[in-house]
Student: 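My questions all concern the structure below.
Proteins get letters first, then strands, A, B, ... in listed order; numbering begins at 1 in each.
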Number of protein chains: 2
Amino acid sequence: MTTSFNINEFIYDFKNCCNKVQKKSFNKDETITSYIRNRNQFCILISGNADLVRYDLNGNRTIIEHFSESDIFGEVFYSITTNNELLVEAKSKCEVLIYNYYDIHTKCTKNCKFHQTLSEYLPELILNKITDLNMRVELLTKRTTRDKLLGYFNLLSTKALNKTFKIPFSLTDLADYLSVDRSAMMRELKLLKDENFINKNGKEITLLYK
Amino acid sequence: MTTSFNINEFIYDFKNCCNKVQKKSFNKDETITSYIRNRNQFCILISGNADLVRYDLNGNRTIIEHFSESDIFGEVFYSITTNNELLVEAKSKCEVLIYNYYDIHTKCTKNCKFHQTLSEYLPELILNKITDLNMRVELLTKRTTRDKLLGYFNLLSTKALNKTFKIPFSLTDLADYLSVDRSAMMRELKLLKDENFINKNGKEITLLYK
DNA sequence: ACATATTTGTTGCTTTTGCAACAAAAAACA
DNA sequence: TGTTTTTTGTTGCAAAAGCAACAAATATGT
């Protein structure tokens, strides 16, 4: 997440905001929500990590999006035309605020400061989401497993301001995120290492080129 | 595009809006803009069709997004971390409004009705963009050429409210949009036809299953 | 600390995809 | 209308990716 808005700077203003919002907690591996029909559901992740995943008919699992603190998600951003299951799964203990999207724009009945701040920062959060999605598309349109890996590593390196960084997924999840076969990806990682494009130590990667 | 907002219902209010906006025309195959650095550029397509394309180092061309009337695009939605060329190319005669994104939120110096309407509908346009991008990700994460084709055909069929519909691309462009090799895609289309999943007559497709 | 479950690393084999090349059909253009 | 360019349809062959299976290393839970 690239936003300068950090929800936890404001969350102390959140006591009993208007009755339109729910605050919920989830344990690792619990389902936060599933996208079934459009209920204008809008969620903000206060803490933890979660993935939007799809299980297709062949048993393939795909990580469509990866969410961390201050990221937004929910059915309001999705027109559900697929017949696959779309779930948001907690990857660690998570705290989530759940709104109806259109309730955010109207003034909170208790006129709480948190609600006000949220609606003020909403455009920024949304712009960041679009930027993230565009990067995701950019990555997924790469033709080969190698290009996907290098493209993703470049992003991580840029984010970390360092040629060395840690993959924020298990390698199994990384394959599901890049939408490639895990064993083929492992093979490619080995080749990238053998050809001195990268150094790899578990989940720690160093870019050796440029 | 799925929005209920249609820019041409309002464009008559656009005379000489504030000096912050440019209206430009482009012929087929002209470059509308290229994404180089972040200038907060925000564009709306008034008429015509355009593609956001990337040319990579191997000479592959990818259609990242396809734009039609009322669609929005521009550098403001992109953090340019790639070293590939990103261009918006007119696929037909196009008319485009070009803003600085942050000028839209502030009141127009001439207080014109068009500007007012635009800023009012902006959240809706942006929500639609996110929905479109999510569908795009959904499609691109499909593992096989077959699944990509069927997934895309389902979208078109749903949009057209009909099992028969026309592909809005040339088949060459469709391959670039689905990020697959054209000849492999043609082979797969033939297989889908032979196995009675679809009927195909040039660019007209009929779904035969379900 | 131990037993159990998950992830990582690896490989042989199969299937799918990509590449190159070319003819036929269709579209654009002059 | 005739010529040129682009798109479509097809194929043989090469390369890449997917599948299945298993051992070793880590992580998890009690």
Student: Would you say A:Lys200 places a side-chain N or O within less than 4.0 Å of OP1 or OP2 belonging to C:dG9?
Tutor: yes
Student: Looking across every strand, which nucleic acid part, if any, lies under 4.0 Å from B:Thr144 by heavy atom: base, sugar-phosphate, or nothing?
Tutor: sugar-phosphate
Student: Measure CG/A:Leu150 against P/D:dA16 and give the value in whole Å, please.
Tutor: 14 Å
Student: Please state how far atom NZ in A:Lys142 lies from atom C1' in D:dA16, giving the value in whole angstrom units.
Tutor: 18 Å
Student: Step through the shown structure and confirm whether more than 12 heavy atoms of other residues, nucleotides or ligands are within 6.0 Å of CG on A:Asn201.
Tutor: no
Student: Can you see whether B:Asn40 engages B:Glu75 through a side-chain donor-acceptor pair at a distance of less than 3.5 angstrom?
Tutor: no
Student: Under a 3.5 Å threshold, yes or no: a donor from one side chain and an acceptor from the other, between A:Thr164 and A:Thr206?
Tutor: yes
Student: With a 3.5 Å cut-off and no angle check, do the side chains of A:Glu89 and A:Thr31 form a donor-acceptor pair?
Tutor: no
Student: Measure the distance from CG on B:Asp29 to C1' on C:dA28 and round it to the nearest whole Å.
Tutor: 12 Å
Student: Return the 5'-most residue of the pair A:Thr145, A:Lys28 with respect to DNA chain D, ranking by each residue's nearest nucleotide.
Tutor: A:Thr145
Student: Regarding A:Thr33 and A:Gln41, do their side chains bring together a donor and an acceptor under 3.5 Å, going by distance alone?
Tutor: yes
Student: Please confirm whether the ring centroid of A:His66 lies under 6.0 Å from the ring centroid of A:Tyr177.
Tutor: no
Student: May I ask you to check if A:Lys159 and A:Phe165 form a cation-pi contact, with NZ or CZ under 6.0 angstrom from the six-membered ring centre and within 45° of the axis?
Tutor: no
Student: To the nearest angstrom, how far is A:Arg146 atom CZ from D:dA15 atom P?
Tutor: 14 Å
Student: Between atom CZ in A:Arg143 and atom P in D:dG18, what is the gap in whole Å?
Tutor: 15 Å
Student: Output the residues of residues 166-181 of chain A in contact with DNA chain C, where contact means a heavy atom of the residue under 4.0 Å from an atom of the strand; sort by number or write none.
Tutor: A:Ser170, A:Leu171, A:Thr172
Student: Give a yes/no verdict on a cation-pi contact between A:Lys203 and A:Phe169, requiring under 6.0 Å between NZ or CZ and the six-membered ring centre and an angle within 45° of the axis.
Tutor: no
Student: Any residue in residues 184-197 of chain B with a heavy atom nearer than 4.0 angstrom to DNA chain C? Just list them by number, or reply none.
Tutor: B:Ala184, B:Arg187, B:Glu188
Student: Please report the distance, rounded to the nearest Å, between CZ in B:Arg182 and P in C:dC22.
Tutor: 14 Å
Student: Starting at the 5' end of DNA chain D and moving along, which residue's nearest nucleotide shows up first, A:Asn60 or B:Lys203?
Tutor: B:Lys203
Student: Determine whether B:Glu95 and B:Ser47 satisfy the following criterion, side-chain hydrogen bond (donor to acceptor under 3.5 Å, both in side chains), listing intermediate values before the conclusion.
Tutor: CA-CA 5 Å; B:Glu95 283 184 299; B:Ser47 65; 3.3 Å; yes
